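This one's a predicted model, so the numbers in the text were calculated from it and none came from an experiment.
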There are 2 protein chains.
Amino acid sequence: MFDNEDDSKQLSRRERERKRHREEILEAASEVFGQYGFEKTSMQMIAEKAELSVGKIYTHFKGKEAIYRELIEYIVTLVHQRCEDAVKPGMSPLETIRVKMRTAMCTFRDHTPFIRLYHEDFDIRKGRFGDVECKKPMMDISSLLKEAIESGEFSGEIDPEFHALMMEGAGHILMESISRSGTDSFDKITELLDKVFLKPFENKKQQ
Amino acid sequence: MFDNEDDSKQLSRRERERKRHREEILEAASEVFGQYGFEKTSMQMIAEKAELSVGKIYTHFKGKEAIYRELIEYIVTLVHQRCEDAVKPGMSPLETIRVKMRTAMCTFRDHTPFIRLYHEDFDIRKGRFGDVECKKPMMDISSLLKEAIESGEFSGEIDPEFHALMMEGAGHILMESISRSGTDSFDKITELLDKVFLKPFENKKQQ
DNA sequence: TCATATTATGAATGATTATTCATAATATGA
DNA sequence: TCATATTATGAATAATCATTCATAATATGA
(Lines give C-alpha, C1' and ligand atoms only; values in the text may rest on other atoms or scores of the structure.)
Protein backbone atom coordinates (compact mmCIF):
# COMPACT_ATOMS: atom_id res chain seq x y z
CA MET A 1 0.00 0.00 0.00
CA PHE A 2 2.71 2.46 0.90
CA ASP A 3 5.08 0.88 -1.59
CA ASN A 4 5.88 3.66 -3.98
CA GLU A 5 9.43 2.77 -4.96
CA ASP A 6 10.08 1.21 -8.33
CA ASP A 7 13.64 -0.03 -7.79
CA SER A 8 12.78 -2.94 -5.51
CA LYS A 9 14.93 -5.25 -7.61
CA GLN A 10 18.10 -3.43 -6.55
CA LEU A 11 17.53 -4.11 -2.88
CA SER A 12 19.03 -6.91 -0.83
CA ARG A 13 16.78 -9.18 1.15
CA ARG A 14 17.55 -7.24 4.31
CA GLU A 15 16.81 -3.96 2.66
CA ARG A 16 13.55 -5.24 1.25
CA GLU A 17 12.53 -6.53 4.65
CA ARG A 18 13.35 -3.22 6.24
CA LYS A 19 11.26 -1.44 3.63
CA ARG A 20 8.40 -3.82 4.27
CA HIS A 21 8.56 -3.12 8.00
CA ARG A 22 8.39 0.58 7.37
CA GLU A 23 5.30 0.11 5.25
CA GLU A 24 3.73 -2.15 7.86
CA ILE A 25 4.23 0.51 10.48
CA LEU A 26 2.55 3.12 8.29
CA GLU A 27 -0.29 0.74 7.54
CA ALA A 28 -0.77 -0.07 11.23
CA ALA A 29 -0.51 3.58 12.20
CA SER A 30 -3.12 4.64 9.66
CA GLU A 31 -5.55 2.17 11.17
CA VAL A 32 -4.93 3.12 14.76
CA PHE A 33 -4.80 6.88 14.15
CA GLY A 34 -7.89 6.52 11.97
CA GLN A 35 -9.77 4.77 14.74
CA TYR A 36 -8.63 6.71 17.81
CA GLY A 37 -7.23 9.98 16.51
CA PHE A 38 -3.78 11.41 17.10
CA GLU A 39 -3.94 12.14 20.82
CA LYS A 40 -5.48 8.87 21.92
CA THR A 41 -3.11 6.75 19.88
CA SER A 42 0.02 5.53 21.68
CA MET A 43 3.22 4.22 20.15
CA GLN A 44 2.49 0.98 22.00
CA MET A 45 -0.77 0.63 20.10
CA ILE A 46 0.95 1.16 16.77
CA ALA A 47 3.67 -1.32 17.68
CA GLU A 48 1.15 -3.96 18.69
CA LYS A 49 -0.91 -3.49 15.55
CA ALA A 50 2.24 -3.76 13.41
CA GLU A 51 3.45 -6.74 15.48
CA LEU A 52 6.85 -5.36 16.32
CA SER A 53 8.48 -3.49 19.17
CA VAL A 54 8.19 0.16 20.06
CA GLY A 55 11.92 0.66 19.70
CA LYS A 56 11.82 -0.60 16.16
CA ILE A 57 9.47 2.16 15.15
CA TYR A 58 12.10 4.66 16.17
CA THR A 59 14.60 3.18 13.72
CA HIS A 60 12.20 4.13 10.95
CA PHE A 61 10.62 7.36 12.17
CA LYS A 62 11.69 10.30 14.26
CA GLY A 63 8.60 9.96 16.41
CA LYS A 64 4.85 9.86 16.62
CA GLU A 65 4.31 13.15 14.90
CA ALA A 66 6.60 12.21 12.01
CA ILE A 67 4.48 9.14 11.28
CA TYR A 68 1.34 11.21 11.43
CA ARG A 69 2.73 13.82 9.09
CA GLU A 70 3.86 11.20 6.63
CA LEU A 71 0.37 9.70 6.56
CA ILE A 72 -1.23 13.06 5.89
CA GLU A 73 1.33 13.75 3.21
CA TYR A 74 0.59 10.34 1.71
CA ILE A 75 -3.17 10.73 1.46
CA VAL A 76 -3.04 14.33 0.28
CA THR A 77 -0.54 13.46 -2.44
CA LEU A 78 -2.43 10.34 -3.45
CA VAL A 79 -5.76 12.11 -3.85
CA HIS A 80 -4.07 15.00 -5.61
CA GLN A 81 -2.28 12.67 -8.02
CA ARG A 82 -5.30 10.52 -8.80
CA CYS A 83 -7.41 13.60 -9.39
CA GLU A 84 -4.84 15.01 -11.79
CA ASP A 85 -4.64 11.70 -13.65
CA ALA A 86 -8.40 11.41 -13.95
CA VAL A 87 -8.78 14.71 -15.77
CA LYS A 88 -8.65 14.37 -19.54
CA PRO A 89 -7.89 17.17 -22.01
CA GLY A 90 -10.92 19.03 -23.25
CA MET A 91 -13.01 18.59 -20.13
CA SER A 92 -14.96 21.65 -19.08
CA PRO A 93 -14.31 23.05 -15.58
CA LEU A 94 -17.58 21.60 -14.36
CA GLU A 95 -16.85 18.17 -15.81
CA THR A 96 -13.44 18.38 -14.20
CA ILE A 97 -15.00 19.06 -10.81
CA ARG A 98 -17.31 16.07 -11.18
CA VAL A 99 -14.49 13.76 -12.16
CA LYS A 100 -12.25 14.95 -9.35
CA MET A 101 -15.04 14.60 -6.85
CA ARG A 102 -15.74 11.05 -7.94
CA THR A 103 -12.04 10.21 -7.93
CA ALA A 104 -11.47 11.62 -4.47
CA MET A 105 -14.44 9.66 -3.13
CA CYS A 106 -13.14 6.43 -4.63
CA THR A 107 -9.75 7.05 -3.10
CA PHE A 108 -11.20 7.60 0.33
CA ARG A 109 -13.39 4.54 -0.11
CA ASP A 110 -10.22 2.50 -0.55
CA HIS A 111 -8.52 4.24 2.37
CA THR A 112 -11.24 4.64 4.95
CA PRO A 113 -8.91 5.06 7.94
CA PHE A 114 -7.66 8.22 6.30
CA ILE A 115 -11.05 9.88 6.39
CA ARG A 116 -10.78 10.68 10.06
CA LEU A 117 -7.09 11.42 9.75
CA TYR A 118 -7.64 13.97 7.05
CA HIS A 119 -10.53 15.51 8.90
CA GLU A 120 -8.50 15.71 12.09
CA ASP A 121 -5.65 17.31 10.21
CA PHE A 122 -7.95 20.24 9.59
CA ASP A 123 -8.00 20.90 13.34
CA ILE A 124 -4.34 20.23 13.77
CA ARG A 125 -3.42 22.79 11.16
CA LYS A 126 -4.90 25.40 13.39
CA GLY A 127 -2.92 24.96 16.50
CA ARG A 128 -2.36 21.48 17.78
CA PHE A 129 1.15 21.42 16.36
CA GLY A 130 1.40 25.17 16.20
CA ASP A 131 1.20 26.84 12.86
CA VAL A 132 2.22 24.60 10.01
CA GLU A 133 2.71 25.11 6.35
CA CYS A 134 -0.29 25.20 4.08
CA LYS A 135 -0.71 21.90 2.31
CA LYS A 136 -1.16 21.51 -1.40
CA PRO A 137 -4.81 21.65 -2.37
CA MET A 138 -6.17 18.18 -3.01
CA MET A 139 -8.58 19.11 -5.75
CA ASP A 140 -8.73 22.90 -5.82
CA ILE A 141 -12.43 23.01 -6.50
CA SER A 142 -12.60 26.71 -5.83
CA SER A 143 -10.43 27.68 -8.83
CA LEU A 144 -12.41 25.35 -11.06
CA LEU A 145 -15.65 26.90 -9.92
CA LYS A 146 -14.23 30.30 -10.71
CA GLU A 147 -13.38 29.13 -14.23
CA ALA A 148 -16.81 27.58 -14.66
CA ILE A 149 -18.42 30.86 -13.68
CA GLU A 150 -16.24 32.83 -16.06
CA SER A 151 -17.07 30.48 -18.91
CA GLY A 152 -20.77 30.90 -18.18
CA GLU A 153 -21.16 27.22 -17.37
CA PHE A 154 -22.03 27.89 -13.77
CA SER A 155 -24.04 30.46 -11.85
CA GLY A 156 -21.94 33.13 -10.19
CA GLU A 157 -24.50 33.56 -7.45
CA ILE A 158 -22.28 32.12 -4.74
CA ASP A 159 -18.70 33.02 -3.94
CA PRO A 160 -16.69 30.07 -5.28
CA GLU A 161 -14.36 30.13 -2.28
CA PHE A 162 -17.26 29.54 0.10
CA HIS A 163 -18.97 27.19 -2.31
CA ALA A 164 -15.90 24.95 -2.33
CA LEU A 165 -15.57 25.22 1.43
CA MET A 166 -19.14 24.10 1.95
CA MET A 167 -18.58 21.16 -0.37
CA GLU A 168 -15.61 20.10 1.69
CA GLY A 169 -17.57 20.38 4.92
CA ALA A 170 -20.54 18.49 3.57
CA GLY A 171 -18.35 15.85 1.97
CA HIS A 172 -16.55 15.20 5.20
CA ILE A 173 -19.57 14.88 7.36
CA LEU A 174 -21.08 12.49 4.85
CA MET A 175 -17.97 10.37 4.72
CA GLU A 176 -17.69 10.26 8.48
CA SER A 177 -21.31 9.30 8.81
CA ILE A 178 -21.82 6.71 6.15
CA SER A 179 -18.40 5.32 5.37
CA ARG A 180 -19.18 2.28 7.45
CA SER A 181 -22.23 1.40 5.35
CA GLY A 182 -20.17 -0.27 2.64
CA THR A 183 -18.59 0.44 -0.69
CA ASP A 184 -21.57 1.69 -2.65
CA SER A 185 -22.40 4.41 -0.15
CA PHE A 186 -19.47 6.38 -1.51
CA ASP A 187 -21.30 6.60 -4.82
CA LYS A 188 -24.22 7.98 -2.88
CA ILE A 189 -22.00 10.71 -1.46
CA THR A 190 -20.86 11.78 -4.90
CA GLU A 191 -24.45 11.84 -6.05
CA LEU A 192 -25.62 13.87 -3.08
CA LEU A 193 -22.87 16.45 -3.45
CA ASP A 194 -23.63 16.78 -7.14
CA LYS A 195 -27.35 17.26 -6.55
CA VAL A 196 -26.82 19.93 -3.91
CA PHE A 197 -23.71 21.75 -5.01
CA LEU A 198 -23.55 21.47 -8.79
CA LYS A 199 -26.79 20.70 -10.62
CA PRO A 200 -28.83 23.61 -9.21
CA PHE A 201 -26.20 26.13 -10.28
CA GLU A 202 -25.41 24.69 -13.66
CA ASN A 203 -26.51 26.92 -16.53
CA LYS A 204 -28.37 25.32 -19.40
CA LYS A 205 -26.00 24.86 -22.31
CA GLN A 206 -26.12 28.27 -23.96
CA GLN A 207 -26.38 28.74 -27.74
CA MET B 1 -23.37 34.32 31.11
CA PHE B 2 -23.79 30.99 32.84
CA ASP B 3 -26.13 32.50 35.39
CA ASN B 4 -29.37 30.64 34.92
CA GLU B 5 -30.75 30.65 38.44
CA ASP B 6 -33.57 33.00 39.35
CA ASP B 7 -33.43 32.79 43.15
CA SER B 8 -30.27 34.85 43.62
CA LYS B 9 -32.01 36.94 46.26
CA GLN B 10 -32.20 33.95 48.60
CA LEU B 11 -28.45 33.44 48.66
CA SER B 12 -26.02 34.72 51.26
CA ARG B 13 -23.06 36.77 50.19
CA ARG B 14 -20.81 33.72 50.47
CA GLU B 15 -23.17 31.61 48.42
CA ARG B 16 -23.46 34.27 45.76
CA GLU B 17 -19.69 34.55 45.59
CA ARG B 18 -19.33 30.83 45.26
CA LYS B 19 -21.86 30.79 42.46
CA ARG B 20 -20.00 33.59 40.71
CA HIS B 21 -16.74 31.65 40.96
CA ARG B 22 -18.37 28.64 39.38
CA GLU B 23 -19.58 30.76 36.49
CA GLU B 24 -16.17 32.36 36.10
CA ILE B 25 -14.60 28.93 35.83
CA LEU B 26 -17.05 27.92 33.13
CA GLU B 27 -16.46 31.17 31.28
CA ALA B 28 -12.69 30.77 31.47
CA ALA B 29 -12.90 27.12 30.46
CA SER B 30 -15.05 27.88 27.43
CA GLU B 31 -12.41 30.30 26.22
CA VAL B 32 -9.46 28.03 26.78
CA PHE B 33 -11.15 24.88 25.46
CA GLY B 34 -12.43 26.91 22.54
CA GLN B 35 -8.97 28.10 21.68
CA TYR B 36 -6.90 24.98 22.32
CA GLY B 37 -9.34 22.08 22.30
CA PHE B 38 -9.91 19.52 25.04
CA GLU B 39 -6.61 17.65 24.95
CA LYS B 40 -4.33 20.66 24.81
CA THR B 41 -6.10 22.49 27.61
CA SER B 42 -4.72 21.96 31.11
CA MET B 43 -6.42 22.65 34.42
CA GLN B 44 -3.61 25.10 35.08
CA MET B 45 -4.61 27.09 32.02
CA ILE B 46 -8.22 27.23 33.12
CA ALA B 47 -7.21 28.26 36.64
CA GLU B 48 -4.98 31.04 35.34
CA LYS B 49 -7.63 32.36 32.98
CA ALA B 50 -10.20 32.33 35.80
CA GLU B 51 -7.65 33.88 38.20
CA LEU B 52 -7.96 31.30 40.94
CA SER B 53 -6.18 28.15 42.03
CA VAL B 54 -6.33 24.72 40.50
CA GLY B 55 -7.57 23.20 43.75
CA LYS B 56 -10.48 25.57 43.80
CA ILE B 57 -11.75 24.22 40.52
CA TYR B 58 -12.07 20.83 42.13
CA THR B 59 -14.44 22.18 44.76
CA HIS B 60 -16.81 23.04 41.94
CA PHE B 61 -16.29 20.28 39.41
CA LYS B 62 -15.41 16.63 39.52
CA GLY B 63 -12.67 17.16 36.97
CA LYS B 64 -11.69 18.36 33.56
CA GLU B 65 -14.14 16.20 31.71
CA ALA B 66 -17.03 17.33 33.90
CA ILE B 67 -16.39 20.95 32.99
CA TYR B 68 -16.19 20.06 29.34
CA ARG B 69 -19.43 18.13 29.46
CA GLU B 70 -21.21 20.93 31.22
CA LEU B 71 -20.12 23.39 28.54
CA ILE B 72 -21.38 21.14 25.77
CA GLU B 73 -24.63 20.66 27.65
CA TYR B 74 -24.87 24.43 28.04
CA ILE B 75 -24.44 25.36 24.40
CA VAL B 76 -26.62 22.55 23.11
CA THR B 77 -29.42 23.48 25.48
CA LEU B 78 -29.05 27.19 24.77
CA VAL B 79 -29.24 26.81 21.01
CA HIS B 80 -32.09 24.35 21.37
CA GLN B 81 -34.02 26.70 23.65
CA ARG B 82 -33.49 29.81 21.56
CA CYS B 83 -34.51 27.96 18.44
CA GLU B 84 -37.70 26.77 20.10
CA ASP B 85 -38.50 30.28 21.31
CA ALA B 86 -37.91 31.81 17.90
CA VAL B 87 -40.51 29.66 16.20
CA LYS B 88 -43.95 31.26 16.11
CA PRO B 89 -47.23 29.42 15.58
CA GLY B 90 -48.33 29.19 12.00
CA MET B 91 -44.87 29.10 10.49
CA SER B 92 -44.41 26.64 7.67
CA PRO B 93 -41.72 23.95 8.08
CA LEU B 94 -39.45 25.80 5.68
CA GLU B 95 -39.93 29.12 7.44
CA THR B 96 -39.18 27.31 10.68
CA ILE B 97 -35.92 25.99 9.29
CA ARG B 98 -34.90 29.45 8.19
CA VAL B 99 -35.69 30.97 11.55
CA LYS B 100 -33.89 28.24 13.46
CA MET B 101 -30.88 28.52 11.21
CA ARG B 102 -30.67 32.25 11.74
CA THR B 103 -31.19 31.85 15.49
CA ALA B 104 -28.51 29.22 15.82
CA MET B 105 -26.06 31.38 13.88
CA CYS B 106 -26.77 34.37 16.12
CA THR B 107 -26.23 32.23 19.19
CA PHE B 108 -22.89 31.00 17.96
CA ARG B 109 -21.94 34.52 16.98
CA ASP B 110 -22.42 35.52 20.61
CA HIS B 111 -20.58 32.44 21.86
CA THR B 112 -17.70 32.02 19.42
CA PRO B 113 -15.54 29.89 21.72
CA PHE B 114 -18.26 27.28 21.58
CA ILE B 115 -17.96 26.83 17.85
CA ARG B 116 -14.83 24.79 18.16
CA LEU B 117 -16.10 23.08 21.28
CA TYR B 118 -19.26 21.93 19.59
CA HIS B 119 -17.39 20.84 16.52
CA GLU B 120 -14.89 18.91 18.62
CA ASP B 121 -17.71 17.26 20.51
CA PHE B 122 -18.66 15.61 17.27
CA ASP B 123 -15.36 13.72 17.35
CA ILE B 124 -15.53 13.05 21.02
CA ARG B 125 -18.91 11.41 20.73
CA LYS B 126 -17.30 8.76 18.64
CA GLY B 127 -14.66 7.46 20.93
CA ARG B 128 -12.54 9.94 22.75
CA PHE B 129 -14.53 9.39 25.94
CA GLY B 130 -15.83 6.04 24.81
CA ASP B 131 -19.41 5.77 23.71
CA VAL B 132 -21.62 8.44 25.18
CA GLU B 133 -25.30 9.11 25.10
CA CYS B 134 -26.84 10.74 22.07
CA LYS B 135 -27.44 14.40 22.69
CA LYS B 136 -30.71 16.19 22.09
CA PRO B 137 -30.92 17.53 18.55
CA MET B 138 -30.21 21.25 18.51
CA MET B 139 -32.53 22.16 15.69
CA ASP B 140 -33.74 18.89 14.19
CA ILE B 141 -33.64 20.17 10.65
CA SER B 142 -34.12 16.71 9.23
CA SER B 143 -37.64 16.27 10.63
CA LEU B 144 -38.61 19.72 9.43
CA LEU B 145 -37.32 18.94 5.96
CA LYS B 146 -39.41 15.79 6.00
CA GLU B 147 -42.50 17.82 6.87
CA ALA B 148 -41.72 20.39 4.21
CA ILE B 149 -41.46 17.65 1.63
CA GLU B 150 -44.72 16.09 2.73
CA SER B 151 -46.49 19.43 2.54
CA GLY B 152 -45.18 19.94 -0.99
CA GLU B 153 -43.22 23.02 0.05
CA PHE B 154 -39.89 21.39 -0.67
CA SER B 155 -38.48 19.06 -3.29
CA GLY B 156 -38.17 15.46 -2.15
CA GLU B 157 -35.23 14.90 -4.43
CA ILE B 158 -32.75 14.51 -1.60
CA ASP B 159 -33.00 12.34 1.48
CA PRO B 160 -33.78 14.82 4.29
CA GLU B 161 -31.48 12.99 6.69
CA PHE B 162 -28.50 13.55 4.43
CA HIS B 163 -29.67 16.99 3.46
CA ALA B 164 -29.64 18.05 7.12
CA LEU B 165 -26.30 16.38 7.68
CA MET B 166 -24.73 18.28 4.81
CA MET B 167 -26.12 21.53 6.16
CA GLU B 168 -24.50 20.82 9.50
CA GLY B 169 -21.16 20.02 7.88
CA ALA B 170 -21.23 23.07 5.65
CA GLY B 171 -22.38 25.31 8.49
CA HIS B 172 -19.55 24.19 10.70
CA ILE B 173 -16.81 24.62 8.20
CA LEU B 174 -18.12 28.09 7.41
CA MET B 175 -18.24 29.06 11.06
CA GLU B 176 -14.76 27.75 11.69
CA SER B 177 -13.42 29.57 8.68
CA ILE B 178 -15.01 32.96 8.87
CA SER B 179 -16.06 33.44 12.47
CA ARG B 180 -13.02 35.60 13.06
CA SER B 181 -14.06 38.06 10.37
CA GLY B 182 -16.51 39.87 12.63
CA THR B 183 -20.14 39.93 13.52
CA ASP B 184 -21.71 40.43 10.12
CA SER B 185 -20.03 37.39 8.63
CA PHE B 186 -22.52 35.25 10.52
CA ASP B 187 -25.28 36.78 8.42
CA LYS B 188 -23.28 35.78 5.40
CA ILE B 189 -23.24 32.17 6.63
CA THR B 190 -27.00 32.11 6.99
CA GLU B 191 -27.35 33.57 3.53
CA LEU B 192 -24.95 31.06 1.98
CA LEU B 193 -26.65 28.08 3.59
CA ASP B 194 -30.02 29.33 2.41
CA LYS B 195 -28.84 29.83 -1.15
CA VAL B 196 -27.30 26.38 -1.38
CA PHE B 197 -29.53 24.21 0.75
CA LEU B 198 -32.98 25.76 0.67
CA LYS B 199 -33.79 28.07 -2.23
CA PRO B 200 -32.95 25.64 -5.04
CA PHE B 201 -35.24 22.99 -3.60
CA GLU B 202 -38.12 25.22 -2.66
CA ASN B 203 -41.23 24.62 -4.74
CA LYS B 204 -43.05 27.61 -6.19
CA LYS B 205 -46.10 28.38 -4.08
CA GLN B 206 -48.69 26.00 -5.51
CA GLN B 207 -52.31 27.07 -6.22
C1' DT C 1 31.32 -23.35 14.49
C1' DC C 2 32.55 -19.07 16.47
C1' DA C 3 33.73 -14.13 16.88
C1' DT C 4 31.88 -9.97 15.48
C1' DA C 5 28.56 -6.85 13.71
C1' DT C 6 23.93 -5.70 13.20
C1' DT C 7 19.28 -5.36 14.74
C1' DA C 8 15.37 -5.92 17.98
C1' DT C 9 13.48 -5.58 22.46
C1' DG C 10 10.95 -3.63 26.13
C1' DA C 11 12.25 -1.81 30.65
C1' DA C 12 14.00 2.63 32.31
C1' DT C 13 13.79 7.64 31.78
C1' DG C 14 11.77 12.00 31.54
C1' DA C 15 8.13 15.00 30.70
C1' DT C 16 3.54 16.25 31.18
C1' DT C 17 -0.54 16.97 33.67
C1' DA C 18 -4.99 15.51 36.17
C1' DT C 19 -6.02 15.06 40.81
C1' DT C 20 -5.31 15.17 45.87
C1' DC C 21 -4.22 16.94 50.23
C1' DA C 22 -1.34 18.99 53.94
C1' DT C 23 -0.82 23.58 55.07
C1' DA C 24 -1.84 28.47 54.94
C1' DA C 25 -5.08 32.02 54.77
C1' DT C 26 -9.33 33.80 55.92
C1' DA C 27 -13.83 34.21 57.99
C1' DT C 28 -16.91 33.67 61.92
C1' DG C 29 -18.91 34.85 66.06
C1' DA C 30 -18.22 34.59 71.10
C1' DT D 1 -9.32 39.84 70.23
C1' DC D 2 -8.99 34.98 69.91
C1' DA D 3 -10.30 30.13 69.18
C1' DT D 4 -12.47 27.58 65.78
C1' DA D 5 -14.34 26.50 61.40
C1' DT D 6 -14.24 27.18 56.64
C1' DT D 7 -11.94 27.88 52.35
C1' DA D 8 -7.95 28.51 49.19
C1' DT D 9 -3.48 27.26 47.71
C1' DG D 10 -0.12 25.07 45.00
C1' DA D 11 3.32 21.51 45.95
C1' DA D 12 3.22 16.46 46.11
C1' DT D 13 1.30 12.33 44.03
C1' DA D 14 0.11 9.25 40.51
C1' DA D 15 -0.80 7.99 35.99
C1' DT D 16 0.20 8.21 31.23
C1' DC D 17 3.02 8.00 27.46
C1' DA D 18 6.87 9.47 24.05
C1' DT D 19 11.46 8.49 23.65
C1' DT D 20 15.97 6.31 24.72
C1' DC D 21 19.23 2.83 25.52
C1' DA D 22 21.44 -1.17 27.85
C1' DT D 23 20.93 -5.78 26.84
C1' DA D 24 19.48 -9.79 24.21
C1' DA D 25 18.81 -11.93 19.96
C1' DT D 26 20.12 -12.68 15.44
C1' DA D 27 22.80 -12.48 11.26
C1' DT D 28 27.19 -12.55 8.88
C1' DG D 29 31.05 -14.55 6.94
C1' DA D 30 35.61 -16.44 8.09
**Request:** With sequence neighbours excluded, give me every ring pair (Phe, Tyr, Trp, His ring centres under 6.0 Å) pair touching residues 158-177 of chain B.
**Result:** B:Tyr118-B:His172, B:His119-B:His172, B:Phe154-B:His163, B:His163-B:Phe197, B:His163-B:Phe201
**Complete:** Here the distance between atom C1' of C:dT19 and atom NZ of B:Lys62, to the nearest Å, is 12 Å
**Request:** Under the side-chain contact (heavy atoms from CB on, under 4.5 Å) rule, collect the residues that match up with A:Asp140, sequence neighbours excluded.
**Result:** A:Pro137, A:Ser142, A:Ser143
**Message:** Using a heavy-atom cut-off of 4.0 Å across all strands, would you classify B:Lys56 as base, sugar-phosphate, or nothing?
**Reply:** base
**Item:** Runs of at least three Watson-Crick or G-U pairs with DNA chain C, cut-off 3.5 Å
**Value:** C:1-30 with D:1-30
**Request:** Among C:dG10, D:dG10, D:dA18, find the nucleotide with the atom closest to the side chain of A:Ser53.
**Result:** C:dG10
**Prompt:** OH of A:Tyr58 versus C1' of C:dT7: gap in Å, rounded?
**Reply:** 18 Å
**Asked** Would you call B:Lys199-B:Glu202 a salt bridge at under 4.0 Å N-O?
**Response** no
**Prompt:** Nearest-Å distance, CD1 (A:Ile67) to P (D:dT19)?
**Reply:** 9 Å
**Asked** Residues in side chain to side chain donor-acceptor pair (under 3.5 Å) with A:Asp85, at least two apart?
**Response** A:Gln81
**Fill in**
To the nearest angstrom, the CD-C1' distance between A:Glu51 and C:dA8 comes to 15 Å
**Distance, rounded to the nearest Å, where B:Arg20 contributes CZ and D:dA8 contributes P** = 11 Å
**Item:** Atom-pair distance (CD1 on A:Ile25; C1' on C:dT9), nearest Å
**Value:** 14 Å
**Item:** Whole-Å gap separating P (D:dA18) and CD1 (A:Ile57)
**Value:** 10 Å
**Message:** Using the salt bridge (Lys or Arg N to Asp or Glu O under 4.0 Å) criterion, which residues pair with A:Glu84? Sequence neighbours excluded.
**Reply:** A:Lys100
**Complete:** B:Glu39 atom CD is separated from D:dT16 atom C1', nearest whole Å, by 12 Å
Pairs: protein N or O with nucleotides 24-28 of chain D N or O, under 3.5 Å:
residue : atom : partner : partner atom : Å
D:dA27  : O3'  : A:Arg14 : NH2          : 3.0

**Message:** For A:Lys49, give me all partners under salt bridge (Lys or Arg N to Asp or Glu O under 4.0 Å), at least two apart in sequence or on another chain.
**Reply:** A:Glu31
**Complete:** Taken in chain and number order and not counting sequence neighbours, the residues that satisfy salt bridge (Lys or Arg N to Asp or Glu O under 4.0 Å) with A:Arg18 are none
**Item:** Aromatic ring proximity B:Phe114/B:Tyr74, centre distance under 6.0 Å
**Value:** yes
**Request:** Please collect all salt bridge (charged side-chain N to carboxylate O under 4.0 Å, His left out) contacts where either partner lies in residues 186-195 of chain A, sequence neighbours excluded, each pair once.
**Result:** A:Arg98-A:Asp194, A:Glu191-A:Lys195
**Request:** Could I get the full list of ring-ring contact (aromatic ring centres under 6.0 Å, His included) partners for B:Phe186, not counting sequence neighbours?
**Result:** none
Using the 3.5 Å cut-off, write out each protein N or O paired with an N or O of nucleotides 11-14 of chain C and the distance between them.
none

**Item:** side chain to side chain donor-acceptor pair (under 3.5 Å) involving B:Glu95 - partner list, sequence neighbours excluded
**Value:** B:Ser92
